[in-house]
Trainee: 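Provided herewith is a single structure, encoded as structure tokens, for subsequent inquiry.
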Amino acid sequence: MRSPSFTRRASCTGRTPPDHSRCSHNCPKLKPRVKKKPPKQDPKKPKKPPTAFFYFLDDFRKIFKEQNPDVKSMRDIGKACGEKWKTMSFEEKVAYYDRATDKRAEFDKAMSDYIKRREIGEEESEESDEE
DNA sequence: GTCTTGATTGTTGCG
DNA sequence: CGCAACAATCAAGAC
């Protein structure tokens, strides 16, 4: 899964009408999206807020350690958490989703500012260093 | 580095 | 020029 967004990208997830799904004719492949993306990490780029799963992880992590004091590595927790995560009811997860969504709302603002600044020229201060 | 999943963003391609 | 859709990258927390 890459982006089963709940709030955003609803249109994307829901996809477009079957008519526009493919080319006007009958192209098997929608778009040969062979694109290499240089991981240009911008210092002003806002970090991604923890997702619902991460929030659950934080809570589950504490509980899991109490129930499994032997387990210290987060790796095992991740697996157990992921497995339990799928078993959880939507109502239980929605609580984390709501929290994550709220955080993303704030993050979205930061992104807007970041992108806006980017369009301007990503220069909020003079940087001696440049490429 | 591991390990999970979710979310975000960016790029591309057609209309 | 703009939207639509996908693809890749990244987010953390203990050891």
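All of these numbers come straight from a predicted model, not from anything done at the bench. Here is how names work: the chains are called A, B, and so on, in the same order as the sequence lines, proteins then strands, and each is numbered from 1.
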Trainee: Rounding to a whole Å, what distance do you find between A:Phe56:CZ and B:dG6:P?
Mentor: 11 Å
Trainee: Just checking A:Phe107: base, sugar-phosphate only, or nothing, at a heavy-atom cut-off of under 4.0 Å?
Mentor: sugar-phosphate
Trainee: Between B:dA7, B:dT9, C:dA11, which nucleotide has the shortest distance from any of its atoms to the side chain of A:Tyr97?
Mentor: B:dA7
Trainee: I'd like a list of close polar pairs between nucleotides 13-15 of chain C and the protein, N/O only, cut-off under 3.5 Å.
Mentor:
unit_1 : atom_1 : unit_2  : atom_2 : d
C:dA14 : OP1    : A:Arg61 : NH1    : 3.1

Trainee: Please state how far atom CG in A:Asn68 lies from atom C1' in B:dC3, giving the value in whole angstrom units.
Mentor: 16 Å
Trainee: Could you give the CZ-to-P distance, from A:Phe53 to B:dT4, as a whole number of Å?
Mentor: 9 Å
Trainee: Over how many whole Å does the gap from A:Lys79 atom NZ to B:dT4 atom C1' extend?
Mentor: 10 Å
Trainee: DNA chain B: A:Pro50 or A:Asp76, which has the more 5' nearest nucleotide?
Mentor: A:Asp76
Trainee: Quick one: salt bridge (Lys or Arg N to Asp or Glu O under 4.0 Å) pairs with a partner in residues 56-65 of chain A, sequence neighbours left out?
Mentor: A:Asp58-A:Arg61, A:Asp58-A:Lys62
Trainee: Would you call the rings of A:Trp85 and A:Tyr97 parallel, tilted or perpendicular, taking 30° and 60° as the class edges?
Mentor: tilted
Trainee: Using salt bridge (Lys or Arg N to Asp or Glu O under 4.0 Å) as the criterion, list what pairs up with A:Asp113, not counting sequence neighbours.
Mentor: A:Arg117
Trainee: Tell me every residue that passes side chain to side chain contact (heavy atoms under 4.5 Å, CB included) with A:Lys84, counting only those two or more places apart in sequence or in another chain.
Mentor: A:Phe56, A:Phe60, A:Thr87, A:Met88
Trainee: Quick test of the criterion, 5.5 Å between centres and less than 30° between planes. Is A:Phe54 stacked on C:dA11 or not?
Mentor: yes
Trainee: Report the distance from atom CZ of A:Phe60 to atom C1' of B:dT5, rounded to the nearest whole Å.
Mentor: 14 Å
Trainee: Report the residue (A:Glu83 or A:Met111) whose heavy-atom-nearest nucleotide on DNA chain B is the more 5′ of the two.
Mentor: A:Glu83
Trainee: Could I get the full list of side-chain hydrogen bond (donor to acceptor under 3.5 Å, both in side chains) partners for A:Arg99, not counting sequence neighbours?
Mentor: none
Trainee: Excluding sequence neighbours, so at least two apart, what forms side chain to side chain contact (heavy atoms under 4.5 Å, CB included) with A:Asp102?
Mentor: none
Trainee: Measure the distance from NZ on A:Lys103 to P on C:dA12 and round it to the nearest whole Å.
Mentor: 12 Å
Trainee: Take atom CD of A:Glu106 and atom C1' of B:dA7, then tell me their distance rounded to the nearest Å.
Mentor: 16 Å
Trainee: If you check every side-chain atom of A:Lys48, which of C:dT9, B:dT4, B:dT5 has the closest atom?
Mentor: C:dT9
Trainee: From OH of A:Tyr96 over to C1' of C:dA11, roughly how many Å is that when rounded to an integer?
Mentor: 18 Å
Trainee: For side-chain contact (heavy atoms from CB on, under 4.5 Å), just list the numbers for A:Tyr55 and A:Lys103, CA-CA rounded to whole Å, side-chain angles, deciding distance to a tenth of an Å, and then say yes or no.
Mentor: CA-CA 11 Å; A:Tyr55 279 106; A:Lys103 196 73 180 178; 3.5 Å; yes
